[in-house]
Amino acid sequence: MRILIFDSLSRKKQEFIPIDANKVRIYACGPTVYDYAHIGNARMAVVTDLLVRVLKKKYKKVLFVSNITDIDDKIINESEKLKIPFKELTDKFSKIYNKEMSSLNVNTPDIQPKATEHIDEMILMIEKLIKNKCAYVMNNHVMFNVKSYKHYGTLSRRTLEEQLEGSRIEIADYKKNAGDFILWKPSKDQQPGWNSPWGRGRPGWHIECSAMSKKCLDTPFDIHCGGVDLTFPHHENEIAQSCSAIEPNSEPEHFSKYWFHNGFVTLNGEKMSKSVGNIQLVNDLLNKYSGETIRLSLLSAHYRQPLNWTKDILEQSKKTLLRIHKNYEKIKVNDFEAFDIKKNEFYIEFLESLFDDLNTPRALSIIGKNLNHVTTKNQEDKQKIAHATFEALNLLGLYSNNKRNIHFDDSLIEKLINERNVARKLKNFARADEIRQNLKKKNIEIEDTKEGTVWTKLK
RNA sequence: GGUGCGGUGGCGGAGAGGCUACGCACCGGCCUGCAAAGCCGUGUACACCGGUUCGAAUCCGGUCCGCACCUCCA
């Protein structure tokens, strides 16, 4: 079965053919850790996590690297504001980030390199760029000369002239061209800094990804991921640096073969921004919704489409999840071992839709379609559907077997349910309804079925 | 101004020349002490204007509208 992915560099849906089928290599630009993660960070993490999960269905070995940016001006500003060392801030929020992402069933990347632990690699790459005459030193800054790279603009489809037209920035005195960007900048005494051939300073934003992807994956690697907004300037600059460090004017493909960009999460149709104050933090959402509900909401639209984040989307996902789990659990499962998932037509159809550029809405519709009318289907199909659903939910990261919350006392619930059933037999329906109401208050929903009363924890 | 993405039924959201997904909501029915779930059934679509075609939501041209990027951003 072929895997298709949309490649932003060629702007086409392409068949994914790894450089080395024995070792697929992916890099994703990770978070800058100075605050809680927002839902947009989560979308990128969930989508790339799914991409990796899907690739693992076909390829035995997939190496996934996603960095942590732990040195940056935003970090410096925030640590100064809080009067704490920057390291304390970044340690705190990288831990929080990983914890939150794991609540969303995002697997930790195989390697999660930190910028501050790769300063040497960055310095070496900058030296190489200077040697290749693609970078220059001016006023204690090391700058990349965008005019030195003839493929500059290939990814974002804009020429140097075009981007300067709309540019709202003045040309700083340390730049030769308006588009030139910082590789290394000086740090003031009280600011974090590292010794370098150009004095005590710190790296620019883009160089870390070039240095770390080279170190952890080697170039060229297969897929480079990130949010669409990173296309320009971040990814464009990464290409320029990484390729120029290999050899001046080497092709963008010498860095990464495919480029994978996820769309934005919007709020009321607009991008989240701190100034507007419409940031949705994962942390806050997790107080009200389960990680799976949030994850499903993020996967309910195709990854390249904009996703408008509303309360409705969460409520709907919550319902959908509940329905899927309930229906799934109603099927009496024999033994999955007796069935070959690779020959399960329900599962194959599901997998095909994910292999087609991660079409999650279609994949989800297939789960729903299979589960529909499942009670009327024959025993063999029921088993197959149960098996397919189990595998599908696992792949999507939506399966949770700790649905029954440990904070609740199962025996108490059972006791109340028994009491209610006694009341029902005695036709004391007032008492029966009262018990149901009480359970509802504890977020326990009950259903009377032919097999008896079953209960579900709502979250 | 430049670059890109998009406008699908009440809502969410796939599809991409003929088979008109899927979910939620609505409506009718079965079932039920009542619920819920389930089952059976019904309805409402492809921004607009032209063109190509036997046939267009899907292709081509134009128009309008929305969003993003060009400044830190997932």
Side-chain angles (χ1 to χ4, degrees), chain A residues 8 11 28-32 37-48 66 69 72-74 77 153 155-170 178-179 205 225-234 236 261-266 268-275 279 296-297 299-302 304-308 310 312-313 315-324 326-327 330 353 356 359-376 423-425 427-430 432-433 436-437 440 445-450 453-456:
Chain A
S8 322
R11 290 206 182 274
C29 293
T32 302
H38 61 243
I39 194 66
N41 295 308
R43 187 179 197 192
M44 176 264 158
V46 165
V47 165
T48 49
S66 187
T69 299
D72 162 277
D73 284 2
K74 289 194 293 287
N77 292 340
L155 180 68
S156 54
R157 319 258 137 164
R158 51 192 115 200
T159 63
L160 278 170
E161 290 69 33
E162 274 168 7
Q163 46 168 307
L164 297 184
E165 253 177 58
S167 179
R168 279 168 265 164
I169 39 165
E170 285 180 39
W205 173 36
C225 313
V228 264
D229 58 323
L230 294 183
T231 309
F232 191 88
H234 187 233
E236 197 70 71
H261 288 106
N262 65 276
F264 259 112
V265 178
T266 59
N268 300 319
E270 283 184 358
K271 185 177 164 177
M272 286 186 287
S273 83
K274 285 204 167 168
S275 53
I279 297 271
L296 177 61
S297 301
L299 295 176
S300 66
H302 184 85
R304 279 189 279 119
Q305 292 297 116
L307 176 64
N308 199 26
T310 58
D312 287 355
I313 215 172
E315 289 298 329
Q316 193 165 312
S317 298
K318 186 166 130 182
K319 270 189 190 169
T320 303
L321 218 46
L322 201 59
R323 179 176 161 273
I324 291 174
K326 273 185 184 172
N327 284 351
K330 273 179 192 159
S353 57
D356 182 7
N359 193 336
T360 49
R362 211 168 129 226
L364 290 163
S365 87
I366 289 161
I367 297 176
K369 196 175 74 183
N370 292 343
L371 246 24
N372 249 346
H373 323 306
V374 74
T375 49
T376 59
R424 285 172 70 211
K425 276 206 180 109
K427 301 216 188 289
N428 184 358
F429 298 122
D433 290 347
R436 181 164 57 202
Q437 280 305 312
K440 187 85 195 249
E445 191 176 81
I446 55 174
E447 282 178 55
D448 300 321
T449 72
K450 275 178 192 157
T453 304
V454 296
W455 61 274
T456 320

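Below, chain A is the first sequence line, B the second, and so on; all start at residue 1.
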Exercise. Classify the nucleic acid contact of A:H38 as base, sugar-phosphate or nothing, counting any heavy atom under 4.0 Å across all strands shown.
Key: base
Exercise. Go ahead and name the base partner of B:rC64; Watson-Crick or wobble counts if both distances stay under 3.5 Å, otherwise write none.
Key: B:rG7
Quiz item: Which part of the nucleic acid, if any, lies within reach of A:N359 when heavy atoms closer than 4.0 Å are counted: base, sugar-phosphate only, or nothing?
Solution: sugar-phosphate
Exercise. Would you tell me if any nitrogen or oxygen in the side chain of A:K319 comes within less than 4.0 Å of OP1 or OP2 on B:rA25?
Key: yes
Quiz item: Picking from B:rC24, B:rA37, B:rC34, which would you name as closest to the side chain of A:E447?
Solution: B:rA37
Quiz item: Would you say the side chain of A:D448 and the base of B:rC34 hold a donor-acceptor pair, judged only by whether the two atoms sit under 3.5 Å apart?
Solution: yes
Quiz prompt | Residue A:S365, side-chain atoms from C-beta onward, closest of B:rA74, B:rA21, B:rG13 | solution = B:rA21
Quiz item: Counting any heavy atom closer than 4.0 Å, what does A:G40 reach on the DNA or RNA strands: base, sugar-phosphate only, or nothing?
Solution: base
Quiz prompt | Complement of B:rC59, any strand, by Watson-Crick or G-U distances under 3.5 angstrom | solution = B:rG51
Exercise. Output yes when at least one side-chain N/O atom of A:R424 is less than 4.0 Å from OP1 or OP2 of B:rU32, else no.
Key: no
Practice problem: Identify which nucleotide among B:rC22, B:rA36, B:rA14 has an atom closest to any side-chain atom of A:E445, counting heavy atoms from C-beta outward. | Solution: B:rA36
Quiz prompt | Identified pairing partner of B:rA45, criterion: Watson-Crick or G-U wobble below 3.5 Å | solution = none
Exercise. Describe the nucleic acid contact of A:I446 in one word from base, sugar-phosphate, nothing, applying a heavy-atom distance below 4.0 Å.
Key: base
Practice problem: Determine: side-chain N/O of A:N372 to OP1/OP2 of B:rG23, distance under 4.0 Å, yes or no. | Solution: yes
Exercise. If B:rA25 has a Watson-Crick or G-U wobble mate with both distances under 3.5 Å, name it; if not, just say none.
Key: none
Quiz item: With both distances under 3.5 angstrom, what nucleotide forms a Watson-Crick or G-U wobble pair with B:rU71?
Solution: none
